[in-house]
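Here the structure is a predicted model, which is why all the values come from computation and not from measurement.
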Amino acid sequence: MISYFDAHCDTISYCLGAGDSLRRSRGHVDLERGRTFRRRGQFFALYHDAAKAPADGMWAQCLRLHDCFVRETEKNSDLVRHCRTGGQVDAAVAEGKVAALLSIEGADLIECDPERVETAATWGVKLINLTWNRHNTLSGTNREQPERGLSERGRDFVHALERCGIYADVSHLSDAGFWDLAEMAQRPIVASHSNARAVCGHSRNLTDDMFRVIRDMGGIVGLNFCPDFVDEEQPSLEMLVRHVEHFLELGGERTVCIGGDLDGCLPEASGIRGEQDVPLLYQALQARGYDESLLEDIFWNNLRKIL
């Protein structure tokens, strides 16, 4: 049995939309599968596409997603504990429970409002992506207006995150936004689910220089299972391993972790059908000669250290 701490999944959005339970889901992640690991931790992202905003707005949708997370964790308290600190994570897994943490994918869900960052902090949110694929008032994205960096409101938003102890998450952010953030940040930044652009040239992935900045700031980078970001022609488990090895070549032993994007993509082409297949990645790295100490860092310690 291995430990598995993951920085990003879209399971709450999936459960809300499909009417599934977090206990047992038809998707990629659920609590029953989580208990098959020696230790299991998961950041559950609150996510909704701003281009498909409901009639009552994105904030109302954010509240529905948060209510779903609270309801599912309370209903299944025999299997899961909502954690806000590293100590709570340690206590939850010591009891054999899944440690569940909150993030927000795309500041559009809180209407890019710096004041709502404080509300998110009271919920225990630890990571917020400034953008998803859609550009917003904070910044451009890798997909829309990629030349546009942080606006003045974006800088105010980052200051609010730092005051509240929430990490700015650069996955989906434009390159220009990344470098604006890196220049102003006073605490580590993270890329919860981004791969290496040197291995797969997709703009969602990080350049080597970006990875080094995150490394040097004490942040983390989560390996993404989404086929488009693994290899645009032949995604596979072997290509996932190549991303890990590239990050390790950049001195990422204490930086790279897992951020699978499960329930947010179709990872089967990358060799992962759901969280039950994550041990295949561990075994593939083990077969390359990586020792258990390093693998424990990648699959648990590196993400745990930022809490």
Side-chain angles (χ1 to χ4, degrees), residues 6-8 103 105-107 127-136 138-151 154-155 158 161 167-236 238-261 264-265 267 270 281 285 297-298 302-303 306:
D6 187 293
H8 183 86
S103 64
E105 184 173 28
L127 312 173
I128 295 182
N129 296 80
L130 275 68
T131 64
W132 183 62
N133 285 339
R134 318 296 180 191
H135 71 88
N136 59 28
L138 306 183
S139 180
T141 77
N142 76 286
R143 185 172 174 178
E144 294 184 354
Q145 301 184 6
E147 74 290 342
R148 187 174 141 243
L150 296 185
S151 64
R155 293 175 185 275
V158 171
L161 293 178
Y167 291 103
D169 189 338
V170 300
S171 291
H172 293 282
L173 193 61
S174 66
D175 286 7
F178 177 95
W179 292 113
D180 286 345
L181 174 61
E183 183 178 358
M184 68 172 290
Q186 299 298 307
R187 64 195 309 263
I189 57 179
V190 307
S192 63
H193 55 306
S194 293
N195 291 341
R197 203 176 298 181
V199 177
C200 174
H202 200 292
S203 61
R204 262 283 283 111
N205 291 337
L206 299 172
T207 68
D208 289 359
D209 284 343
M210 290 174 175
F211 184 85
R212 292 186 186 101
V213 166
I214 296 173
R215 176 199 67 191
D216 293 346
M217 294 179 70
I220 54 95
V221 173
L223 184 74
N224 192 321
F225 301 155
C226 179
D228 288 349
F229 315 140
V230 175
D231 187 272
E232 294 177 281
E233 295 183 0
Q234 292 184 315
S236 64
E238 181 180 350
M239 290 303 300
L240 273 175
V241 170
R242 285 187 60 185
H243 285 275
V244 175
E245 292 188 317
H246 185 77
F247 285 147
L248 294 175
E249 289 168 2
L250 297 175
E253 293 86 353
R254 300 292 180 266
T255 305
V256 63
C257 66
I258 309 298
D261 207 1
C265 67
S270 300
L281 176 61
L285 290 165
D297 286 341
I298 293 171
N302 290 344
L303 185 50
I306 70 170

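Applying the side-chain hydrogen bond (donor to acceptor under 3.5 Å, both in side chains) rule to Thr131 yields no partners; only residues at least two apart in sequence or on another chain are considered. Listed by chain and residue number, nothing satisfies the salt bridge (Lys or Arg N to Asp or Glu O under 4.0 Å) test with Asp208 (two or more places apart in sequence, or in another chain). Scored by the side-chain hydrogen bond (donor to acceptor under 3.5 Å, both in side chains) test, Asp231 finds no partners at all (sequence neighbours excluded). With sequence neighbours left out, Pro267 forms a side chain to side chain contact (heavy atoms under 4.5 Å, CB included) with His28, Phe225, Leu262, Cys265, Ile272.
Atom CG of Asn224 is separated from atom OG of Ser194 by 7.0 Å, given to the nearest 0.5 angstrom.
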Please table the atom pairs, donor to acceptor, closer than 3.5 Å between any side-chain atom in residues 174-185 and protein atoms at least two apart or in another chain.
| from | atom 1 | to | atom 2 | distance (Å) |
| --- | --- | --- | --- | --- |
| Ser174 | OG | Gly140 | O | 3.4 |
| Ser174 | OG | Arg148 | O | 2.8 |
| Ser174 | OG | Gly177 | N | 2.8 |
| Asp175 | OD1 | Arg197 | NH2 | 2.9 |
| Asp175 | OD2 | Arg197 | NH1 | 3.0 |
| Asp180 | OD2 | Leu150 | N | 2.9 |

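Within 6.0 Å of the CZ atom in Arg242, the count of heavy atoms belonging to other residues, nucleotides or ligands does not exceed 12. Heavy atoms from other residues, nucleotides or ligands lying under 6.0 Å from CZ of Arg143 number 12 at most. Heavy-atom contacts from other residues, nucleotides or ligands closer than 6.0 Å to CD of Glu238 number 12 or fewer.
Residues Asn195 and Gly222 come closest through the heavy atom pair OD1-O, 4.3 Å. Scanning all heavy atoms of the two residues, the minimum distance from Ser270 to Val230 falls at OG-CG2, 3.5 Å. Here the closest heavy-atom approach between residue Asn302 and residue Val256 is recorded as ND2-O, 2.8 Å. Closest approach of Ser171 and Asn129 over heavy atoms only: O-ND2, 3.0 Å. The two residues Ala191 and Val170 make their nearest non-hydrogen contact at CB-CG2, 3.7 Å. What you find for Leu130 and Leu138 is that their closest heavy atoms are O-CD1, 3.7 Å.
Between Ile220 and Ile214 the shortest side-chain heavy-atom distance does not fall below 4.5 Å. Between Ile306 and Tyr167, some side-chain heavy-atom pair lies under the 4.5 Å cut-off. Side chains of Asp6 and Leu303 form no contact here, defined as non-hydrogen atoms less than 4.5 Å apart. Proximity of Ile189 to Met217: side-chain heavy atoms (C-beta onward) are separated by under 4.5 Å at one or more points. Side-chain contact between Asn133 and Asn142 is present, with at least one heavy-atom pair separated by less than 4.5 Å. Residues His172 and Glu105 meet the side-chain proximity criterion, which asks for heavy atoms closer than 4.5 Å. Considering only heavy atoms from C-beta on, Cys200 comes within 4.5 Å of His243 through its side chain.
Between His202 and Phe229, the ring planes are perpendicular. Angles over 60° get that label, and only those under 30° would be called parallel.
Looking only at atom types and distance, the side chain of Thr141 has no donor-acceptor partner in the side chain of Arg134 under 3.5 Å away. Side-chain contact of Asp169 with Ser192: a donor-acceptor pair under 3.5 Å is present, judged by distance alone.
For the pair Glu144 (side chain) and His135 (backbone), a donor-acceptor distance under 3.5 Å is present. Side-chain N or O atoms of His246 include none that pairs as donor or acceptor with a backbone N or O of Ala196 at under 3.5 Å.
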Handout entry: Step-by-step side chain to side chain contact (heavy atoms under 4.5 Å, CB included) determination, Ile298 to Leu223
Key = CA-CA 10 Å; Ile298 293 171; Leu223 184 74; over 6 Å; no

Problem - Steps toward side chain to side chain contact (heavy atoms under 4.5 Å, CB included) verdict (Cys257, Val221) - result: CA-CA 6 Å; Cys257 66; Val221 173; over 6 Å; no

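Applying the side chain to side chain donor-acceptor pair (under 3.5 Å) test to every pair with at least one member in residues 248-258, sequence neighbours left out, gives these pairs: Arg254-Asp297.
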